[in-house]
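Keep in mind that this is a model prediction, so the values were computed, not measured. Values below: every heavy atom of this structure, side chains too, minus hydrogens, waters and symmetry copies. Note on naming: letters A, B, ... go to the chains in the order of the sequence lines (proteins, then strands), and numbering restarts at 1 for each one.
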Amino acid sequence: MTETSARTETNHLQDLPQGRSLWGDAFHRLRRDRAAVASVIVIGIYAVMAVAASFLHDDFIASKNYKLSNQPPSAQHWLGTDVFGRDVLLKTMLGAKVSMTVGLMANLIAIPLGLILGALAGYFGRRVDDVVVWLYTTLASIPGIMLLIALKYAFQGKVLFRGTPFALDLGGIHGLYIALGVVSWIHTCRVVRAETLKIKELDYVTAARALGEGHARILFFHIIPNLLHLAIILFSLGFVGAITAEVILSFLGLGVEVGTPSWGTMINAARLDLVVGRWWEVTAACTAMFFIVLALNILGDRLRDALDPKLRT
Amino acid sequence: MGAYVVRRLVQAVFTIFGVMVFTFLLFRVIAGDIAAAHLGPKATLQQKKDWAHQHGYDKPLFINTGLEKHKHTVPPGEPWEIRIEAGAPENVSIGGAPAHTVAGVTLVRTEGKRIIYQVAPGEYEFTVRTGQPWYDSQFVKYIVTTATFATRSIITNEKLYSIIVERAPYSLALTVPIMAIGWAAAMFIATIVAYYRGGLLDRVGVFLSVLGMCIPYLAFIIGIQYLMFQIKPTMAYGLANPFNVFVPVGIGVLAGLGGNVRFYRTVVLDETRRDYVRTALAKGLPLRVVMFKHILKNCMLPILTNLILTVPFLIMGSLLLESFFGIPGLGDLLLSSINNRDEPIVSGLTFLTALLYVVANLATDISYVIFDPRVKLS
């Protein structure tokens with residue numbers, strides 16, 4: 001008798017539609033969303049361009065050919081040439097490399113930092129919370145672009161660990177990663193802290209505590225995994241911020257090293273070219289930036305819709 | 001209420017102090033050899049020392065112990081003459097004993113404050129008691145001068161306060177209209193778009209605002225400045241004609257429109273899902289009336305909060321706009337100070353924006369308590 005009822009129950013369960021995890025569900029939703037798929041493809045193209053650019057030319061910076069200076073777009077140079085006679089298409093691709101690396105590295109610093117500090121502050125409260133909150137309110141009270149400018153200004157000409165394989169050129173692109181990391185962990189930390197405050201009161205955390213699990217285990221096995229969807233959303237939005245900031249800083253001469261091809265240095269080099277009719281370099285840099293920012297913005301929105309069930313209507 | 005305001009004030013003071021400590025660490029401790037940057041790579045050690053002394057960069061960083069240490073190594077051979085600024089011979093000691101009693105060191109003479117010793121070959125560490133108070137350090141001076149905006153430019157020796165007074169009006173002439181017009185335009189478009197939500201106008205509006213958000217700010221500036229050069233070259237640069245300011249203002253409004261419309265639309269739509277809106281519609285009020293009389297009023301708080309938080313940018317002006325259009329405001333000052341490595345000005349301006357932000361934030365929080373009865377003090 002008991003055996004049969006158990007079997008019916010199993011059959012009954014099998015009849016139910018297959019459940020999906022949050023991630024599986026999100027993946028499914030994103031795959032059906034044409035705009036999201038298109039954005040992923042665009043981002044993929046930029047990533048491929050960034051990787052390919054490094055293989056296409058050994059030494060772009062030194063490859064100057066004044067005979068080809070400032071040529072308009074042609075069959076040979078699809079986007080024309082710059083003032084040193086270098087191919088603008090290749091330059092734009094190298095700019096994509098800088099932008100993608102900066103976006104990635106800045107977030108690889110900012111997201112884990114914000115995630116861990118935010119979770120610690122929210123979970124432990126009291127003194128830990130006070131210190132973390134004081135730290136981020138202090139940093140946040142300097143407007144983002146000012147803070148970036150101040151950091152990069154202070155970093156000028158500094159090289160850490162000089163002469164070792166880990167040399168960090170703070171005046172150049174490495175300083176840019178760090179400065180952007182320092183600026184953008186604030187937002188992550190704030191969001192994560194607020195979410196942790198909610199999660200730590202939930203039943204499953206109370207249950208884990210009642211079972212005698214330690215703080216570290218609760219934090220790393222129960223709380224942080226439930227914050228990862230936020231990390232993904234913040235990552236895609238942080239990427240946009242990092243790319244735009246890199247362009248503005250490089251434009252001001254505070255970004256990558258002088259001479260490194262980046263969209264910001266391209267716009268700076270060609271800002272007066274438009275008046276004399278040389279439109280291709282500025283246009284290439286601005287267009288390249290427009291599409292990656294558009295794709296990342298759309299993807300960020302769609303990720304938020306797919307991953308944050310509370311926002312679903 | 002009073003207790004809340006006091007607590008927020010205390011927090012604000014802590015934040016501002018934090019900003020000072022942070023900028024001090026950044027500009028004085030992390031930022032490298034400032035003397036070398038000003039004197040060029042060929043400057044001698046003595047020139048650098050003199051420069052640092054003149055600008056107070058040779059003082060102890062945090063606390064002045066009142067003791068100065070000088071190391072001297074005399075190579076084998078003839079004894080050397082060593083001059084030390086100390087005031088009197090009893091202020092100079094080596095390893096605790098008065099300097100002239102140590103073997104190998106003989107007091108030659110004193111010239112005013114300078115004491116001259118003849119020193120035999122060997123290594124000596126002179127300790128000079130300067131009698132300076134503990135607070136005579138870079139940190140304390142930095143805090144005091146920053147808080148009072150009394151720092152002086154390294155290049156022109158002008159006081160930061162008078163520079164700000166002179167230049168801020170230009171920045172304000174640029175940013176106040178940008179904020180006001182930008183807010184009104186975005187509010188207008190967002191309300192219309194939200195009114196026709198789901199319709200063609202809404203979708204076109206959202207699409208355009210996303211496009212506007214993604215066009216780089218630099219592209220707006222360069223493109224429109226180029227157009228102005230084609231249409232009316234006299235208006236494309238400088239302030240020869242007061243009307244010229246409308247070009248950068250237009251760019252600022254246009255560049256911010258996309259993001260603002262999108263944000264305001266979300267706020268308005270969030271509000272339309274509330275119960276009182278349903279009730280108003282159910283009792284037969286037309287959507288137009290509900291939208292403009294009820295919803296807009298309730299949307300103002302989040303929107304104004306958002307607006308107040310942009311106040312720091314008011315005074316900084318728009319950095320890029322000022323540099324492109326040759327407007328001598330504070331943003332332009334910041335950029336030229338960075339190029340000239342005018343550290344006191346860069347750090348002073350950083351502090352100014354932070355101060356404005358903290359004050360704006362404080363004002364928002366307090367106005368929330370005053371204007372929104374739902375906000376409870378905890």
Practice item. Give me the one residue out of A:Asn297, A:Ile292, A:Leu296 that meets side-chain contact (heavy atoms from CB on, under 4.5 Å) with B:Cys214. Key: A:Asn297
**Study point:** Between B:Phe229, B:Phe22, B:Phe17, the one whose heavy-atom pairs under 4.5 Å with chain A are most numerous
**Key:** B:Phe22
Check your understanding: B:Leu211 and A:Phe290: side-chain contact (heavy atoms from CB on, under 4.5 Å), yes or no, with the steps?
Key -> CA-CA 9 Å; B:Leu211 281 195; A:Phe290 171 75; 3.4 Å; yes
Review point. Looking at CG of B:Leu26 and CZ of A:Phe155, how far apart are the two atoms once the value is rounded to the nearest 0.5 Å?
Key: 7.0 Å
Practice item. Would you indicate whether B:Phe149, at its atom CZ, is surrounded by more than 12 heavy atoms from other residues, nucleotides or ligands within a distance under 6.0 Å? Key: yes
Point to revise | Options A:Leu252, A:Val282, A:Thr244, ranked by heavy-atom pairs under 4.5 Å with chain B, top entry | key: A:Leu252
Check your understanding: Does the side chain of B:Ile338 reach to within under 4.5 Å of the side chain of A:Lys152, using non-hydrogen atoms?
Key -> no
Check your understanding: Taking all atoms of both residues into account, what is the closest heavy-atom pair of B:Thr353 and A:Met146, and its distance?
Key -> OG1-CG, 3.8 Å
**Study point:** When B:Val21, B:Leu320, B:Leu355, B:Thr23 are compared by non-hydrogen pairs under 4.5 Å with chain A, the top option
**Key:** B:Leu320
Check your understanding: For the atom pair CD1 (B:Ile16) and OG (A:Ser141), what is the distance rounded to the nearest 0.5 Å?
Key -> 8.0 Å
**Study point:** Portion of A:Ala285 that has a non-hydrogen atom of chain B nearer than 4.5 angstrom
**Key:** neither
Review point. Heavy-atom distance under 4.5 Å to chain B: side chain of A:Phe291, backbone, both or neither?
Key: neither
Review point. At what distance, to the nearest 0.5 angstrom, does CD1 of A:Ile142 lie from OG1 of B:Thr15?
Key: 11.0 Å
Exercise for review: Identify which part of A:Tyr153 has an atom lying under 4.5 Å from any heavy atom of chain B, answering side chain, backbone, both or neither.
Suggested key: both
Point to revise | Residue A:Leu135 versus chain B: region with a heavy atom under 4.5 Å | key: neither
Exercise for review: Could you tell me whether A:Lys97 atom NZ has more than 12 heavy atoms of other residues or ligands within 6.0 Å of it?
Suggested key: no
Study note, to complete from the structure: Closest non-hydrogen atoms of A:Cys286 and B:Pro216, given as atom of the first, atom of the second and distance, are O-CG, 3.9 Å
Check your understanding: Given that the side chain runs from C-beta out, which part of B:Ile222 has a heavy atom under 4.5 Å from chain A: side chain, backbone, both or neither?
Key -> both
Check your understanding: Which distance, rounded to the nearest 0.5 Å, do you find between the CH2 of A:Trp263 and the CG of B:Leu218?
Key -> 13.0 Å
Check your understanding: A:Thr283, A:Ile298, A:Asp301: which one forms the most heavy-atom pairs within less than 4.5 Å of chain B?
Key -> A:Asp301
Revision key, fill the gap. Of all heavy-atom pairs linking A:Ala150 and B:Phe27, the shortest is CB-CZ, 3.7 Å
Check your understanding: Side chain, backbone, both or neither: which part of A:Ile149 has a non-hydrogen atom closer than 4.5 Å to chain B?
Key -> side chain
Check your understanding: With only heavy atoms counted, which part of B:Glu343 is less than 4.5 Å from chain A, the side chain, the backbone, both or neither?
Key -> both
